[in-house]
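Shown next, in structure tokens, is the structure this report addresses.
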Amino acid sequence: MTFFGRGIAMKNARLILDKDYVISEIDKRVYGSFIEHLGRAVYTGIYEPGHPTADQLGFREDVAALVRKLNVPIVRYPGGNFVSGFNWEDSVGPVKDRPRRLDLAWKTTETNEVGLHEFVEWAKKANTDVMYAVNLGTRGVDAARNVVEYANHKGGTYWSDLRVKNGAKDPFDIKLWCLGNEMDGPWQMGSKTAYEYGRIANEAAKVMKWVDDSIELVACGSSSTTMPTFGEWEYTMLTECYSNVDYVSLHRYYGNPHNDTRDFLASTMDLDDFIKTVASICDAVKGKKHAKKRINLSLDEWNVWYHSNEQDKEINKREPWGTALPLLEDIYNFEDALLVGLMLITILRNADRVKIGCLAQLVNVIAPIMTRPGGGAWAQTIFYPMMDASTFGRGKSLLPQITSEKSDTKHYSDVPMVDAAAVLGEDGSVTIFAVNRDLENDVALDCDLRSFGTLKPAFHTVLHHDDMKAVNTEANPDVVKPVQVPVAKEGEPIVLPAASWNVIRLTK
């Protein structure tokens with residue numbers, strides 16, 4: 001069974017799964033995303049009063065429908081670099097009375113037209129929860145405890161009664177909070193040393209949990225493995241705040257500016273190493289402190305990001321302090337979708353430690369969804385692997401044993417031709433996500449699933465395009481889109497076309 005791949009010759013690979021070899025239950029929050037007050041993510045992204053699809057609050061229904069299709073369980077908000085100069089109080093109360101502020105992170109003006117109440121309402125509309133970030137750059141412990149009281153306390157206090165006065169009788173009940181953003185970065189307002197950050201994170205976490213002991217908190221890991229203090233940052237800051245935080249954040253972006261597709265598709269070898277390195281540092285501090293609890297990971301910024309670099313250089317020559325400028329608007333191609341699929345596979349294979357993931361971002365800004373002001377909304381190529389994984393990747397992550405050819409690229413050695421993850425659903429279904437990295441040859445994947453009993457092939461979808469640089473546009477939104485292919489019969493191998501993302505589902 002050969003699909004429309006450019007198969008010169010059929011190669012072979014083998015996948016063995018066992019229902020008892022479980023990595024971990026998958027936390028649904030690994031399929032989260034991110035909305036920052038940056039570029040057109042909010043204004044002309046999720047929010048555009050006067051748009052033909054806008055609701056009574058000004059939110060675009062066409063965008064919300066695509067977000068619901070992605071099945072996003074949680075959205076990180078409001079930043080990002082933006083949050084390190086953000087006064088949360090600016091974003092509540094009558095819109096007409098909210099101050100306009102300079103956003104030093106992106107050299108724009110924030111109108112605060114969309115604030116905490118409005119975003120909570122949008123999240124309900126999009127069937128998602130809020131992951132809220134507090135400012136530990138220019139603000140600190142007092143503002144952090146106050147916003148928890150405002151959002152989550154039932155009533156009878158200054159801040160909770162102010163929420164009621166502002167139109168929300170019931171608490172927002174936000175359960176997941178970020179303690180700042182990329183605090184080791186010199187680009188960050190109020191950046192800190194690891195010790196300084198660890199101390200303020202600990203004190204903020206302590207009082208935030210005193211206000212609401214049901215919340216979970218994410219401490220900032222180093223913003224990149226290229227930072228000179230990477231590793232030492234995690235160890236030092238966790239030494240100060242280990243007992244009061246629950247997760248450490250990781251941020252990772254990849255790009256292909258040198259047009260080396262084979263090397264680009266091998267990037268997830270680095271992601272896997274990054275995850276395991278940070279997990280090991282968390283465990284080292286656990287051992288040092290003789291602690292019982294384990295700190296897990298929040299990969300709360302990840303994606304492909306490089307296409308918009310030249311565009312942003314031009315935009316940044318403009319006069320500063322405009323609003324809703326088209327910043328970081330990467331136009332994603334087919335090979336980017338393959339890399340996003342491979343990143344999702346890597347996340348699933350590390351489901352024992354990665355409990356939160358945020359594809360950064362959600363709309364317009366390095367995003368799976370694009371909009372035109374006053375016009376349409378459409379899915380970029382990277383939308384589809386994310387949709388597939390979020391839809392069919394709920395359950396237990398299984399440990400796959402994969403045998404396939406390996407090769408070396410410019411930066412990576414022993415890169416497997418086939419990479420895969422598998423999920424056991426509560427209904428006994430098995431879903432295999434697989435990428436064939438080979439750009440020229442189809443692969444016959446032999447699957448050994450004998451421990452599951454009788455499984456019936458339900459479907460096999462393939463995301464593939466002969467042009468690695470193919471993109472989706474408003475005029476042609478379906479250029480790169482999954483198609484359903486014939487399901488392999490029992491005993492036959494599953495054919496993975498050259499350069500393809502595959503979803504194979506089997507049911508009882």
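Hydrogens, waters and symmetry mates play no part in the numbers below; they use all other heavy atoms, side chains included.
In summary, the aromatic rings of Tyr235 and Tyr242 are positioned with their centroids too far apart to meet the 6.0 Å limit. A distance of 6.0 Å or more separates the ring centres of Tyr254 and Trp302. Between Trp177 and Trp88, the distance separating the two ring centers is not shorter than 6.0 angstrom. With ring centers used as reference points, Trp233 lies under 6.0 Å from Tyr197. For an aromatic pair to be called close, the ring centres must be under 6.0 Å apart, and Phe172 with Phe119 fails this.
The closest side-chain donor-acceptor pair between Asn152 and Asp173, if any, does not fall under 3.5 angstrom. In this model, a donor atom of one side chain and an acceptor atom of the other lie less than 3.5 Å apart for Thr261 and Glu335. Under the 3.5 Å distance criterion, with hydrogens and angles disregarded, a donor-acceptor pair is assigned to the side chains of Arg252 and Thr225.
The side-chain heavy atoms of Leu439 and Leu265, taken from C-beta on, include a pair separated by under 4.5 Å. Two residues are said to be in side-chain contact when any heavy atoms from C-beta on lie closer than 4.5 Å; Asp448 and Asp18 fail this criterion. Looking only at side-chain heavy atoms (C-beta outward), Leu398 and Val22 come within less than 4.5 Å of each other. Residues Pro416 and Ser404 form a side-chain contact, since some pair of their non-hydrogen atoms from C-beta on lies under 4.5 Å apart. Counting only heavy atoms from C-beta outward, the side chains of Val430 and Arg505 never approach each other to under 4.5 Å. By the 4.5 Å heavy-atom criterion applied to side chains, Ile432 and Cys447 are counted as neighbours. The shortest side-chain heavy-atom distance between Leu463 and Phe334 falls under the 4.5 Å cut-off. At least one side-chain heavy atom of Ile46 sits under 4.5 Å from a side-chain heavy atom of Ile35.
Distance alone, capped at 3.5 Å, is enough to place a donor-acceptor pair between the Asn472 side chain and the Ala379 backbone. A donor-acceptor pair under 3.5 Å is formed between the side chain of Thr346 and the backbone N or O of Leu342. Without hydrogens or angle criteria, Asp272 side chain to Phe274 main chain gives no donor-acceptor distance under 3.5 Å. For the pair Asp246 (side chain) and Asn296 (backbone), a donor-acceptor distance under 3.5 Å is absent. Thr128 places a side-chain N or O within donor-acceptor distance of the main-chain N or O of Ile74, the cut-off being under 3.5 Å. Judged by distance alone, with hydrogens and angles left aside, the side-chain atoms of Arg76 form no donor-acceptor pair with the main-chain N or O of Cys178 at under 3.5 Å. Although no hydrogens or angles enter the test, the distance criterion places no donor-acceptor pair under 3.5 Å between the side chain of Asp414 and the main chain of Lys406. In this structure, Ser298 contributes its side chain and Val218 its backbone to no donor-acceptor pair below 3.5 Å. Ser280 contributes a side-chain N or O that, together with a main-chain N or O of Thr277, makes up a donor-acceptor pair within less than 3.5 Å. Between the side chain of Glu240 and the backbone N or O of Met237, no donor-acceptor pair lies under 3.5 Å.
Residue Lys154 qualifies as open at atom NZ: its count of foreign heavy atoms under 6.0 Å is 12 or below. For Glu61, the CD atom counts as densely surrounded, since its 6.0 Å shell holds more than 12 non-hydrogen atoms of other residues, nucleotides or ligands. Heavy-atom neighbours of Tyr412 OH from other residues, nucleotides or ligands within 6.0 Å: above the threshold of 12.
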Report task. Evaluate side chain to side chain contact (heavy atoms under 4.5 Å, CB included) for Phe383 paired with Ile369, printing each intermediate quantity in order. Result -> CA-CA 7 Å; Phe383 181 97; Ile369 298 168; 4.0 Å; yes
Report task. I would like to know whether Val134 and Met208 meet side chain to side chain contact (heavy atoms under 4.5 Å, CB included); could you show each step before the answer? Result -> CA-CA 10 Å; Val134 300; Met208 290 167 76; 4.0 Å; yes
**Report entry** Residue pair Glu36, Tyr77: steps toward the side-chain hydrogen bond (donor to acceptor under 3.5 Å, both in side chains) verdict
**Finding:** CA-CA 6 Å; Glu36 181 174 359; Tyr77 175 85; over 6 Å; no
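For the atom pair CE of Met417 and CZ of Arg437, the computed distance is 11.0 Å after rounding to the nearest 0.5 Å.
Among residues at least two apart or in separate chains, there is no ring-ring contact (aromatic ring centres under 6.0 Å, His included) pair with a member in residues 336-369. Residue pairs meeting the salt bridge (charged side-chain N to carboxylate O under 4.0 Å, His left out) criterion with at least one member in residues 277-298, sequence neighbours excluded, are Asp283-Arg353.
Asp55 is linked by a side-chain contact (heavy atoms from CB on, under 4.5 Å) to Leu57, Phe59, Lys125, counting only residues two or more places apart in sequence or in another chain.
Using cut-offs of 30° and 60° on the angle between ring planes, the pair His307 and Tyr332 is perpendicular.
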